[in-house]
Amino acid sequence: MTAAVRVEGLVKHYGKISALSGISFEIAEGELFALLGPNGAGKTTTIRILTGLTRPTAGRAFFFGRDIFSSPLYARRLAGLVPQATNLDLELTVWENLLIHGLLFGMSRGRIRERAEELLRFAGLWERRGDRVRALSGGMRRRLLIIRALMHEPRILFLDEPTVGLDPHIRRRLWGLIKQIQARGTTILLTTHYIEEAEFLADRVAFLEQGRIVALDTPQNLMAALGEVAVDLVDDEGLSTRYFRTREEAEREAVKLSRAGKSVTIRRVNLEDAFLHFTGRRV
Amino acid sequence: MRGFLAVYLRELLIIWHRLPRMLLSFSVSPTLYLVAFGFGLGKNLTVGDRPYLEFLVPGVVAASSMMQGFGINVEINVARFYLRIFEEFQAAPISNWAYVLGEIFGGVTRAFLSTLVILAITALAGINLHFGPVFFLGVFLNAFVFASLGVTSAMLIRSHADQALVTNFIITPMVFLGGTFFPVEDLPAWARWPLKLLPLTHASHLIRSVAYGQAVPVFSLLVLMVLALAGLCLAYLSVDRARD
Ligand SMILES: Nc1ncnc2c1ncn2[C@@H]1O[C@H](COP(=O)(O)OP(=O)(O)O)[C@@H](O)[C@H]1O
Ligand SMILES: [Mg+2]
């Protein structure tokens, strides 16, 4: 089956700065793929290139086998974009924001009306449809931003740090929304610097650092590369972690260490461990 | 076509939401010009055999439709650097023509609103001028020329501060030199010819001639048409420059 998204050797230089130094990956149809990396890793640059906002220095990209740089209009019709910085028309109403987007994507008035109502109800914004966007809370604006991108039924949705700066309970609500969107068959590329977000949402994760992908696999496999159980130990040199295949091995080691007077904690390996292991640093 | 509609409708909605404020602000500078130069300075003045006020009104219409047409650049800058809505257009499957024409007609619509405001104000002063189809064609072409230049400059600049520079060095001088306040014809030849290169000079000449009920100055009309076409092409070519 052809991949929904295929990226080959994407490079982007801004003058002397190298934002991307040749990244490649594939996303299967219906998959939720996460790019995880610290600020400045190149996540936004990747999304901007794939949605036609930025031209790459080198490299190729395909949606369902078709080159997106030689067929830009085809690519834009297929893609939906939720940018990192909220870009709504604050002076227009919620409804008007959706209307303009629908027209931009060639939808008929009737279809726009149907789709906008469906999505506004889905996102719990139906009652607010006549309000100016300026009057909405941050969480509501984020939800509007996401459903606006869904108006034209994109087959591939690009979410650039969709939950950054939101309260934990609003974040969890958005996670639910994103899962539901995926369940309806949409392919999703999501970027985040929240490890738990990638762990919770993604089918596969790419660790991005300084414009390079340093590891790419399912969260389970990335974690399994280290082991099952982690032992954190605090001593004069600070915090360090050891990884073990089984709980028994870990417990044996923990007992030994605590007899030696060190403070230890046993826990399951998480994606942060894998990230630290592959990048050698914290997010 | 829907792309054009989307871009233009967005500008119309913005105008609609701000209409009272906008009409008020459109009326400020024309009123000041008319009071200061028309009623104040020019009460007993005549140009040709016309009262100065009748000379002034078409000039103020031309200058004001130029400024409001060009003023679309401010909206575009807000959309680009502050709201970042411009990226919605860049990511949408619309042609550059749709975008450019949508914004230009946004500017033209503002220009027409400001013209109507001026005509409403001067109606109160009881002035003897004709406002026929060619008068409004002149306003349209003038606004179109400057709206397309407004779009072009908004695409080429890299920040909001650059924009003020363009306005201060090109648009404001033209208001004073382009036949708004005094007849370019009365100047000595060395000053007259450079001023005839300004688009606004032709716009105010055209608009004033037809307002006077005189023959349509075909040359100025042609100049404006050519400039409108050229401006449209410039605006079209500039859109891709805004992509990084
Ligand atoms: N328009 C730009 N001009 C110059 N440098 C840029 C531009 N956009 C991004 N960069 C640089 O490219 C690198 C990657 O940025 P970005 O893709 O925004 O990272 P992320 O989204 O992962 O935080 C950073 O070093 C950033 O400073
Ligand atoms: Mg980013």
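Within every chain, numbering begins at 1; the chains are lettered A, B, ... in the order of the sequence lines, protein sequences first and strands thereafter.
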inquiry  = As an exercise, state the distance from CD of A:E96 to CG of B:L12, rounded to the nearest 0.5 Å.
reply    = 11.0 Å
note = Pair count under 4.5 Å, heavy atoms only, with chain A: among B:E88, B:Q90, B:R18, highest is B:E88
key: Choice from A:I100, A:L104, A:L103, A:L90 maximising heavy atom contacts with chain B below 4.5 Å   = A:L104
ask   = Around atom CZ of A:R115, are there more than 12 heavy atoms of other residues, nucleotides or ligands at under 6.0 Å?
value = yes
key: Under 4.5 Å from any heavy atom of chain B - which part of A:L99   = side chain
ask   = With only heavy atoms counted, which part of B:Y82 is less than 4.5 Å from chain A, the side chain, the backbone, both or neither?
value = side chain
inquiry  = Between B:H17, B:E87, B:M1, who has the most heavy-atom pairs with chain A when the cutoff is under 4.5 Å?
reply    = B:H17
request  = Taking atom CZ of A:R141 as the centre, report whether more than 12 heavy atoms of other residues, nucleotides or ligands fall under 6.0 Å from it.
outcome  = yes
task = Identify which one of A:N87, A:L88, A:D89, A:T86 satisfies the side-chain contact (heavy atoms from CB on, under 4.5 Å) criterion when paired with B:L83.
result = A:D89
query = Counting only heavy atoms not in B:W16, do more than 12 fall under 6.0 Å of its CH2?
reply = no
message = Going by side-chain contact (heavy atoms from CB on, under 4.5 Å), name the residues that satisfy it together with A:T45, two or more places apart in sequence or in a different chain.
response = A:K12, A:Y14, A:A19, A:L20, A:I49
inquiry  = The criterion is side-chain contact (heavy atoms from CB on, under 4.5 Å); which residues satisfy it with B:P93, sequence neighbours excluded?
reply    = A:L73, A:R76, A:R77, A:F105
task = Sort A:H152 into side chain, backbone, both or neither according to what part of it lies under 4.5 angstrom from a heavy atom of chain B.
result = neither
remark   = Given A:L92, A:T51, A:N97, A:L81, the one with more heavy-atom pairs under 4.5 angstrom with chain B than any other is A:L92
note = All heavy atoms of A:A85 vs all of B:R84, minimum pair found to be CB-CD, 4.0 Å
key: More than 12 heavy atoms from other groups under 6.0 Å of CZ on A:R109   = no
